[in-house]
Amino acid sequence: MNCLQSWPEPVVRVQSLSDSGIRVIPDRYIKRSSEVPSPSLRSSGGGDNIPVIDLGELYSADHAIREKALTRVSAACREWGFLQVVNHGVSHELMAAAREVWREFFHLPPEAKQAYANSPSTYEGYGSRLGVEKGAKLDWSDYFFLNYLPASLRDEKKWPSLPPSCRQKIGDYSEEVVKLAGKLMKIFSIDLGLEENRLQQAFGGEDIGCCLRVNFYPKCPQPDLALGLSPHSDPGGMTLLLPDENVSGLQVRRGDSWVTVKPVKNAFIVNIGDQLQVLTNANYKSVEHRVIVNSDQERVSLAFFYNPKGDIPIEPAKELVTEDRPALYPPMTFNEYRVFIRTRGPCGKSQVEALKSPR
């Protein structure tokens, strides 16, 4: 674990590069031409958008409406790995306030943010890179990472004290998003033909892990050369993303192309993580995604990660293993998988594919 205790080279804040007025970005941030979208495809992605699910319909008194909504959830999780949910029960005012307080944090003076500088041992705090490979290509973004659950890992002293309402907003927001994630876990279990608490129990019941990464994507003078976040699938269970309300940037792989997600007002973007792909024996898919940047506007997004308890072996649910569809993955704890991920940084889908049992 020694390689994870410190960054391999001095950390440069991307926001400081952007604010300096540079017109040419450093080589460290320039991706291969095959990794970035061509200018003509940066904002198009065709007419596709990830499916939008009205959660209210899943609790309708009308059986036909419930079944139709569940069918849409099933298709989204199996074919896209992504969905947008509306009528989800989280206060729209709280969502907007949480997003705005983080935007204010990233506009604090550099020394105020630097007090929360992180290390790769836990990633907690204010950071500007993922992965510890020396000389690696970097993404055009800064972030703040914090633990929420289990309570034993939650340390509010590590959360920003400025703006003054930040800690309270983090707590209120996280509490509500955890409730929403629990609802979604039941919905997913029912769709898969399992007992409604089956997936939650496999994650550890109420003893789960949750963390928040707030992403800040500064303006980039050469957006056609950089990425805000390199292609990856999320290593955890499920991600609930509160996107920027004004600026698109998330792109989802769809076959051989990329679809730019068009956020629906007051929706959460939900995506399946690697742990749910393993647990569902690949009935649900964790899908590669990336973030593009632009030269005109900054972006802020809140990614809330809902994960299994770290020391529980995650493997395909026995109910989803058959003679025709044997278990695709051996058992592995999320703690073990997370060390693997954090060492390498974002690497497309190669991590979860490397887990597959030899056939």
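Note that the numbering runs from 1 along the sequence shown for the chain.
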Going by atom types alone, do S233 and E288 pair a side-chain donor with an acceptor below 3.5 Å?
no
Would you say N197's side chain and Q200's backbone share a donor-acceptor pair under 3.5 angstrom?
no
Which is it for R198 and E195 under the salt bridge (Lys or Arg N to Asp or Glu O under 4.0 Å) test, yes or no, and what are the steps along the way?
CA-CA 5 Å; R198 178 68 174 90; E195 295 292 326; over 6 Å; no
Could you list the donor-acceptor pairs under 3.5 angstrom formed by side chains in residues 175-184, with sequence neighbours left out?
from : atom 1 : to   : atom 2 : distance (Å)
E176 : OE2    : K179 : NZ     : 3.3

For the residue pair Y329 and Q277, confirm or rule out a side-chain donor-acceptor distance under 3.5 Å.
yes
Write out all pairs satisfying salt bridge (Lys or Arg N to Asp or Glu O under 4.0 Å) with one or both partners inside residues 148-163, taking only residues at least two apart or from two chains.
E124-K158
Please check if V11 and L130 belong to a single hydrophobic cluster, counting links between Ile, Leu, Val, Met, Phe, Trp and Tyr side chain heavy atoms closer than 4.5 Å.
yes
Residue pairs meeting salt bridge (Lys or Arg N to Asp or Glu O under 4.0 Å), one or both in residues 291-306, sequence neighbours left out, come to R103-E298
Of all residues at least two apart in sequence or in a different chain, which pass the salt bridge (Lys or Arg N to Asp or Glu O under 4.0 Å) check with K31?
D139
All salt bridge (Lys or Arg N to Asp or Glu O under 4.0 Å) counterparts of R213, not counting sequence neighbours:
none
Please list all pairs meeting ring pair (Phe, Tyr, Trp, His ring centres under 6.0 Å) that have one or both residues in residues 168-189, counting only residues at least two apart or in different chains.
F188-Y284
For residues 310-318, please give each side-chain donor-acceptor pair under 3.5 Å, one per line with the distance, not counting sequence neighbours.
from : atom 1 : to   : atom 2 : distance (Å)
D311 : OD1    : K309 : NZ     : 2.7
D311 : OD2    : K309 : NZ     : 3.1

Which atom pairs, donor and acceptor, lie under 3.5 Å between side-chain atoms of residues 22-30 and protein residues at least two apart or in another chain?
from : atom 1 : to   : atom 2 : distance (Å)
R28  : NE     : A136 : O      : 3.0
R28  : NH2    : E9   : OE2    : 3.0
R28  : NH2    : A136 : O      : 2.7

Minimum side-chain heavy-atom gap N283-L192 below 4.5 Å
yes
Contacts of E67 meeting salt bridge (Lys or Arg N to Asp or Glu O under 4.0 Å) (sequence neighbours excluded), chain-then-number -> none
Going by heavy atoms in the side chains, are L229 and R290 under 4.5 Å from each other?
no
Hey, would you say the Y116 and Y126 ring centroids sit under 6.0 Å apart?
no
Please step through side chain to side chain contact (heavy atoms under 4.5 Å, CB included) for the pair Y148 and C211, ending with a clear verdict.
CA-CA 5 Å; Y148 183 70; C211 47; 6.0 Å; no
Which heavy atom of I272 sits nearest a heavy atom of C77, and at what distance?
CD1-SG, 4.0 Å
When the side chains of residues 51-58 are checked against the rest of the protein, which donor-acceptor pairs come out under 3.5 Å, sequence neighbours left out?
from : atom 1 : to  : atom 2 : distance (Å)
D54  : OD1    : G56 : N      : 2.9
D54  : OD1    : N87 : ND2    : 2.8
D54  : OD2    : N87 : ND2    : 3.0
E57  : OE1    : R72 : NH2    : 2.4

Over all heavy atoms of both residues, which pair between W7 and G131 is shortest? Give the atoms and the distance, please.
CZ3-O, 3.6 Å
Taking D274 for the side chain and G236 for the main chain, is one N or O donor matched with an acceptor at less than 3.5 Å?
no
F305 and V261: same hydrophobic cluster, using ILVMFWY side-chain contacts below 4.5 Å?
no
Pairs of donor and acceptor atoms involving the side chains of residues 93-101, under 3.5 Å and at least two apart or interchain, shall be tabulated with distances.
from : atom 1 : to   : atom 2 : distance (Å)
E93  : OE1    : S91  : OG     : 3.1
R99  : NE     : E245 : OE1    : 3.1
R99  : NH1    : P243 : O      : 2.7

Can you tell me if H88 and N266 form a side-chain donor-acceptor pair at under 3.5 Å?
no
May I ask you to test the V270-T239 pair for a side-chain heavy-atom distance under 4.5 Å?
no
Can you confirm if the aromatic rings of W140 and Y217 lie within a centre distance of less than 6.0 Å?
no
Who passes side-chain contact (heavy atoms from CB on, under 4.5 Å) against L108, sequence neighbours left out?
F105, A112, K113, L162
Could you tell me whether the side chain of D48 reaches within less than 4.5 Å of the side chain of W80, counting heavy atoms only?
yes
